[in-house]
Enquirer: 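Please read through the structure below; I'll follow up with questions.
None of these values were measured; they are calculated from a predicted model. Below, read A as the first sequence line, B as the second, and so on, with proteins coming before strands; counting in each chain starts at 1.
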Amino acid sequence: MNKYAKRPASIPSLLNNAEQLAGLSLRELAEMQAIATPPNLRRDKGWIGQLLEQALGASAGSKPEQDFPELGVELKTIPVDSRGKPLETTFVSVAPLTGISGLRWQDSNVRNKLSCVLWIPIIGERSLAPGNRMIGQPLLWQPSTEQEHLLRQDWEEIMELISLGQVQNISARHGQVLQLRPKAANSRALTEAIGDQGQAIMTLPRGFYLKTQFTAALLARHFML
DNA sequence: TTTTGATCATCG
DNA sequence: CGATGATCAAAA
């Protein structure tokens, strides 16, 4: 493993590359990549994700698609404590707020992104400096039948409310495993949505997030193997 | 401005 | 002390 990471040609090779990173601290990986380690994440909230993307040869930059489109794999880092429990909900994708009539689960961004995910746990409490956090054992995951059913139910319920102009009445409590929450740099960043009379309104952009209970269960299965 | 990567700050 | 809602930075 060096700083000139190649795009893996296959899923097994990607998984193998990820396994080679397990046990390293983020500082060690950053040094191998010749990337500076920030003292905290206040101004570098995407640092961990970008570090792993580069190390594994993921597509550069921001795209609404998967990180490894030719493999159909999405890369996600997930902060966990020393017991492997997620510290945060996991962002999945921005929620479409307009032009959603006829949009089906099968064609949704949420399903597309979650169809195959390479999870990389990052072990370390918030108090731990980013460079001292450790890379955990990766997990290649595809939703089970039950998991996909839960995701679909939540997604369909939330999308129906959005299409009915109820965006502003949806709280993060809707849904069992998937939640809709604001996703914006600040409260002034607005996007178009449907109002309760069917009119166009401006509102905060929203994102779909996986609840910690869901990701915890998903990781627990792996850690117990 | 919107997408990516997320963490921060506060409340019950 | 976990969940919810708010917010941060970079790239395109």
Enquirer: The side chain of Val94(A) is closest to which nucleotide in this list: dG5(B), dG2(C), dT3(B)?
Expert: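 Looking only at heavy atoms from C-beta outward on Val94(A), the closest nucleotide is dT3(B).
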Enquirer: Have Asn17(A) and Gln20(A) got a donor and an acceptor in their side chains that come within less than 3.5 Å?
Expert: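 No, because no side-chain N or O of Asn17(A) sits under 3.5 Å from a partner of the opposite role on Gln20(A).
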Enquirer: Between Thr89(A) and Arg181(A), is there a side-chain donor-acceptor contact under 3.5 Å, judged purely by atom types and distance?
Expert: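 Looking only at side-chain atoms, Thr89(A) and Arg181(A) do form a donor-acceptor pair, the distance falling under 3.5 Å.
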Enquirer: Which part of the nucleic acid, if any, lies within contact of Leu190(A), taking any heavy atom under 4.0 Å across all strands shown: a base, the sugar-phosphate backbone alone, or nothing?
Expert: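 Sugar-phosphate only.
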Enquirer: So what does Gln50(A) touch, heavy atoms closer than 4.0 Å: a base, only the sugar-phosphate, or nothing?
Expert: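 Here Gln50(A) touches no strand at all.
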Enquirer: Which part of the nucleic acid does Glu192(A) contact within heavy-atom distance under 4.0 Å: base, sugar-phosphate only, or nothing?
Expert: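 Here Glu192(A) touches no strand at all.
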Enquirer: From dA6(C), dG5(B), dT7(B), pick the nucleotide closest to the side chain of Glu53(A)?
Expert: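 When the side chain of Glu53(A) is considered, dG5(B) is the closest of dA6(C), dG5(B), dT7(B).
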Enquirer: If you measure only the distance, is there a donor-acceptor pair under 3.5 Å linking the side chains of Gln147(A) and Trp141(A)?
Expert: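 Yes, a side-chain donor-acceptor pair sits under 3.5 Å.
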Enquirer: Nearest to the side chain of Ala172(A), which nucleotide is it out of dC8(C), dA6(C), dG5(C)?
Expert: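 Minimum distance to the Ala172(A) side chain belongs to dG5(C).
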Enquirer: Let me know, please, whether Lys183(A) or Thr89(A) comes out on the 5' side of the other along DNA chain C by nearest nucleotide.
Expert: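 Nearest nucleotide further toward 5': that of Thr89(A).
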Enquirer: Closer to the 5' end of DNA chain C via nearest nucleotide, is it Arg181(A) or Asn186(A)?
Expert: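 Nearest-nucleotide comparison on DNA chain C picks Arg181(A).
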Enquirer: Contact class for Gly49(A) (heavy atom, under 4.0 Å): base, sugar-phosphate, or nothing?
Expert: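 Answer is sugar-phosphate: Gly49(A) comes under 4.0 Å of backbone atoms only.
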Enquirer: So what does Pro79(A) touch, heavy atoms closer than 4.0 Å: a base, only the sugar-phosphate, or nothing?
Expert: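 Sugar-phosphate only.
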Enquirer: Would you mind reading off the distance between Leu97(A) atom CG and dT2(B) atom C1', rounded to a whole angstrom?
Expert: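 The answer, rounded to whole Å, is 12 Å.
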Enquirer: Roughly, in whole Å, what's the span from CZ in Arg126(A) to C1' in dC8(C)?
Expert: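 My rounded result for the distance is 14 Å.
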Enquirer: Is Trp119(A) reaching over with its side chain to a backbone N or O of Leu75(A), donor-acceptor style, under 3.5 angstrom?
Expert: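 Absent.
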Enquirer: Determine, for Arg27(A) against Glu31(A), whether the closest basic-nitrogen to carboxylate-oxygen distance falls under 4.0 angstrom.
Expert: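 A salt bridge is absent here (no side-chain N lies under 4.0 Å from a carboxylate O).
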Enquirer: How close or far is atom C1' of dT3(B) from atom CG of Asp67(A), stated in whole angstroms?
Expert: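 Computing the Asp67(A):CG to dT3(B):C1' distance gives 12 Å.
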Enquirer: Can you tell me which nucleotide in dG5(B), dT7(C), dT4(C) comes closest to the side chain of Ser187(A)?
Expert: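 Among the listed nucleotides, the one closest to the side chain of Ser187(A) is dT7(C).
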Enquirer: Which one, dA3(C), dG5(C), dC8(C), comes nearest to the side chain of Lys45(A)?
Expert: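 It is dC8(C).
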Enquirer: Among the candidates dT7(B), dC8(C), dG5(B), find the nucleotide nearest to the side-chain atoms of Phe91(A).
Expert: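 The answer is dG5(B), which lies nearest to the side chain.
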Enquirer: OP1, OP2 of dT4(C) versus side-chain N and O of Ser171(A): anything below 4.0 Å?
Expert: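 False: Ser171(A) side-chain N/O out of range (4.0 Å or more) of dT4(C) OP1/OP2.
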Enquirer: In whole Å, what is the span from the CG atom of Asp81(A) to the C1' atom of dG2(C)?
Expert: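 Interatomic distance, CG of Asp81(A) to C1' of dG2(C): 12 Å.
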Enquirer: If you compare every side-chain N and O of Arg42(A) against the phosphate oxygens of dA9(B) (OP1, OP2), does one of them come in below 4.0 Å?
Expert: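 Indeed, a polar side-chain atom of Arg42(A) lies that close.
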Enquirer: Check every atom of dG5(B), dT4(C), dA3(C) against the side chain of Gln179(A) and return the nucleotide holding the closest atom.
Expert: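 Minimum distance to the Gln179(A) side chain belongs to dT4(C).
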Enquirer: Looking at dG5(B), dT2(B), dA3(C), which one has an atom nearest to any side-chain atom of Lys113(A)?
Expert: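 The answer is dG5(B), which lies nearest to the side chain.
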Enquirer: Return the value, rounded to whole Å, for the distance between atom CH2 of Trp119(A) and atom P of dG5(B).
Expert: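 Answer to the nearest Å: 11 Å.
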Enquirer: Quick one: label Ala184(A) by what it contacts on the DNA or RNA (base, sugar-phosphate, nothing), any heavy atom closer than 4.0 Å.
Expert: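 Base, at least one base heavy atom under 4.0 Å.
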Enquirer: Does Thr191(A) place a side-chain N or O at less than 4.0 Å from the phosphate oxygens OP1/OP2 of dT2(B)?
Expert: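 So the side chain of Thr191(A) is within the cut-off, an N or O lying under 4.0 Å from OP1 or OP2 of dT2(B).
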Enquirer: With sequence neighbours excluded, what pairs up with Glu19(A) under the salt bridge (charged side-chain N to carboxylate O under 4.0 Å, His left out) test?
Expert: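 With neighbours one apart ignored, the set is empty.
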Enquirer: For the pair made of CG in Asn169(A) and P in dG5(C), what is the distance, rounded to whole Å?
Expert: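 Value for this atom pair: 12 Å.
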Enquirer: Looking just at side-chain N and O atoms, do Arg111(A) and Gln106(A) make a donor-acceptor pair shorter than 3.5 Å?
Expert: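 Yes - a donor-acceptor pair under 3.5 Å links their side chains.
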Enquirer: Starting from P on dA3(C), measure out to CG on Leu178(A) and report it in whole angstrom.
Expert: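 Distance, rounded to whole Å: 16 Å.
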Enquirer: Contact class for Arg43(A) vs. all strands (heavy atom < 4.0 Å): base, sugar-phosphate, or nothing?
Expert: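 Result for Arg43(A) = sugar-phosphate.
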Enquirer: Give the rounded distance in Å between these two atoms: CZ of Phe208(A) and P of dT4(C).
Expert: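 Phe208(A) atom CZ is separated from dT4(C) atom P by 16 Å.
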Enquirer: Select one nucleotide: of dT4(C), dA6(C), dG2(C), the one nearest the side-chain heavy atoms of Arg173(A).
Expert: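 Ranking dT4(C), dA6(C), dG2(C) by closest atom to the Arg173(A) side chain puts dT4(C) first.
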